[in-house]
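Hydrogens, waters and symmetry mates play no part in the numbers below; they use all other heavy atoms, side chains included.
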Amino acid sequence: ALSPGASVGTLTISNSLTLQTGCSTYVELDQSAGTNDLVRGISTVTYGGTLIVTNLAGTLAISNAFKLFDATNYSGPFDTLILPPLSAGQVWDTSGLANNGTISIIPEPIPLKISSISLTPSGLVVSGTSPFSNTNYSVLTWTNVTTPTSAWTSVVTNQTDVNGNFIFTNDFDPTEPQRYFMIRVP
């Protein structure tokens with residue numbers, strides 16, 4: 001087991017750190033004091049085993065971020081994550097562990113459901129629903145699905161109606177071999 005301290009503390013390692021399957025890493029947060037455990041000084045951290053995070057005090061909220069590991073290089077995933085419970089509408093974002101050793105709290109993604117797609121004389125018409133009214137969304141498009149989404153073109157930015165419905169129309173080019181669409185909820 002690895003634990004940076006008996007309470008919130010910092011553990012400095014002047015080498016690489018490999019957390020293996022079967023190993024548990026215990027990390028404490030103290031949201032009310034704005035601090036958390038930190039393992040630092042690591043050249044390379046290789047994640048594995050179970051990460052167990054506990055919040056000692058305070059209310060966790062959207063945009064809270066906690067740097068747990070400070071290393072030059074990060075690799076591998078944890079086998080299991082046990083994180084503190086959050087309020088409705090919030091989820092843990094653990095993607096930062098892979099590039100900066102950070103976990104954070106983000107708004108829960110809002111699911112949009114496509115209910116119909118049709119080709120009309122005015123273009124490709126897509127409609128659907130969201131469980132929430134007045135939800136902002138944008139539609140991105142590109143011809144190659146493997147292209148990073150940061151390079152995709154935004155064709156629509158809009159808001160669902162009061163009932164959560166959305167509809168958009170996009171020009172259709174029959175000579176194009178393929179085109180992909182993504183609906184993004186910010």
| message | Between Ser24 and Thr50, is there a side-chain donor-acceptor contact under 3.5 Å, judged purely by atom types and distance? | response | no

| field | Residue pair Thr46 / Ser75, side-chain donor-acceptor N/O under 3.5 Å | value | yes

| message | Distance check, rounded to the nearest 0.5 Å: Ile13 atom CD1 versus Arg40 atom CZ? | response | 11.5 Å

| query | Given side chains that start at C-beta, do those of Thr94 and Leu83 come closer than 4.5 Å, heavy atoms only? | reply | yes

| said: Which heavy atom of Ser115 sits nearest to which heavy atom of Gly128, and what is that distance? | reply: OG-CA, 3.4 Å

| task | Working to the nearest 0.5 Å, report the span between CG of Leu60 and CD1 of Ile105. | result | 4.5 Å

| field | Whether Phe181 and Phe168 hold their rings parallel, tilted or perpendicular, with breakpoints at 30° and 60° | value | tilted

| Would a distance-only check, ignoring hydrogens and angles, find a side-chain to backbone donor-acceptor pair under 3.5 Å from Gln178 to Thr143? | yes

| How long is the span from the CZ atom in Arg184 to the CG atom in Leu140, to the nearest 0.5 Å? | 4.5 Å

| said: Hydrophobic clustering (ILVMFWY, side-chain heavy atoms < 4.5 Å, transitive) - are Val139 and Met182 grouped together? | reply: no

| request: Decide yes or no for Thr157 and Asn136: does some side-chain heavy atom of the first lie under 4.5 Å from some side-chain heavy atom of the second? | output: no

| message | Same cluster or not: Leu124 versus Ile114, using hydrophobic residues (I, L, V, M, F, W, Y) connected whenever any side-chain heavy atoms lie under 4.5 Å apart? | response | yes

| Linking I/L/V/M/F/W/Y whenever any side-chain heavy atoms sit under 4.5 Å apart, do Ile183 and Ile117 land together? | yes

| remark: From the list Leu17, Leu2, Asp37, side chain to side chain contact (heavy atoms under 4.5 Å, CB included) with Leu11 holds only for Leu2

| said: Within a 6.0 Å radius of atom CZ on Arg179, are there more than 12 heavy atoms belonging to other residues, nucleotides or ligands? | reply: yes

| query | Can Val156 and Thr169 be said to form a side chain to side chain contact (heavy atoms under 4.5 Å, CB included), step by step? | reply | CA-CA 9 Å; Val156 173; Thr169 304; over 6 Å; no

| message | How about CD on Gln159, more than 12 heavy atoms from neighbouring residues, nucleotides or ligands closer than 6.0 Å, or not? | response | yes

| Residues clustering with Leu56 (ILVMFWY side chains joined when closer than 4.5 Å, directly or via others) | Val8

| query | In terms of hydrophobic clustering (I, L, V, M, F, W, Y; side-chain heavy atoms under 4.5 Å; direct or indirect links), are Val155 and Tyr137 co-clustered? | reply | yes

| task | Kindly give the heavy-atom pair with the smallest separation between Pro4 and Gly9, and that separation in Å. | result | CB-O, 3.8 Å

| request: Starting from Val125, walk the hydrophobic network (Ile, Leu, Val, Met, Phe, Trp, Tyr; side-chain heavy atoms closer than 4.5 Å) and list everyone else you reach, by chain and number. | output: Ile167

| Just wondering, do Phe66 and Asn55 contact through their side chains at under 4.5 Å, heavy atoms? | no

| Does Lys67 reach the main-chain N or O of Asn100 with its side chain, forming a donor-acceptor pair under 3.5 Å? | yes

| task | Report the C-alpha separation of Val27 and Ile103 in whole Å, then their side-chain angles, then the decisive distance to 0.1 Å, and conclude whether the side chain to side chain contact (heavy atoms under 4.5 Å, CB included) test is met. | result | CA-CA 11 Å; Val27 175; Ile103 60 173; over 6 Å; no

| Would a 4.5 Å heavy-atom cut-off, applied to side chains only, mark Asn163 and Thr129 as touching? | no

| message | Please report the interatomic distance CG(Leu51) to CZ(Phe78), rounded to the nearest 0.5 Å. | response | 4.5 Å

| said: For a quick test of reading the model, state the closest non-hydrogen atom pair linking Ser130 to Thr160 and the distance between them. | reply: CB-CG2, 4.0 Å

| note | In short, Thr102 meets Ala65 closest at the heavy-atom pair CG2-CB, 4.1 Å

| message | Assess the residue pair Leu81 and Tyr47 against the criterion (side chain to side chain contact (heavy atoms under 4.5 Å, CB included)); give the C-alpha distance rounded to whole Å, side-chain angles, the decisive distance to 0.1 Å, and a yes or no. | response | CA-CA 11 Å; Leu81 297 170; Tyr47 299 126; over 6 Å; no

| message | How long is the straight-line distance from CG of Leu86 back to CH2 of Trp92, given to the nearest 0.5 Å? | response | 5.5 Å

| Heavy-atom side-chain contact between Val53 and Pro84 under 4.5 Å | yes

| Heavy-atom side-chain contact between Thr147 and Trp152 under 4.5 Å | yes

| query | Given Val45 and Val39, is the side chain to side chain contact (heavy atoms under 4.5 Å, CB included) satisfied, shown in steps? | reply | CA-CA 10 Å; Val45 61; Val39 182; over 6 Å; no

| request: Supply the atom-to-atom distance Leu29 CG to Thr54 OG1, rounded to the nearest 0.5 angstrom. | output: 7.5 Å

| message | Give me the atom names and distance for the closest heavy-atom approach of Tyr74 to Gly101. | response | CE2-N, 3.4 Å

| said: As a quick check of understanding, evaluate side chain to side chain donor-acceptor pair (under 3.5 Å) for Ser122 and Thr120, giving each step before the final call. | reply: CA-CA 5 Å; Ser122 59; Thr120 68; 3.0 Å; yes

| Taking side chain as C-beta onward, heavy atoms only, is Asp70 less than 4.5 Å from Leu38? | yes

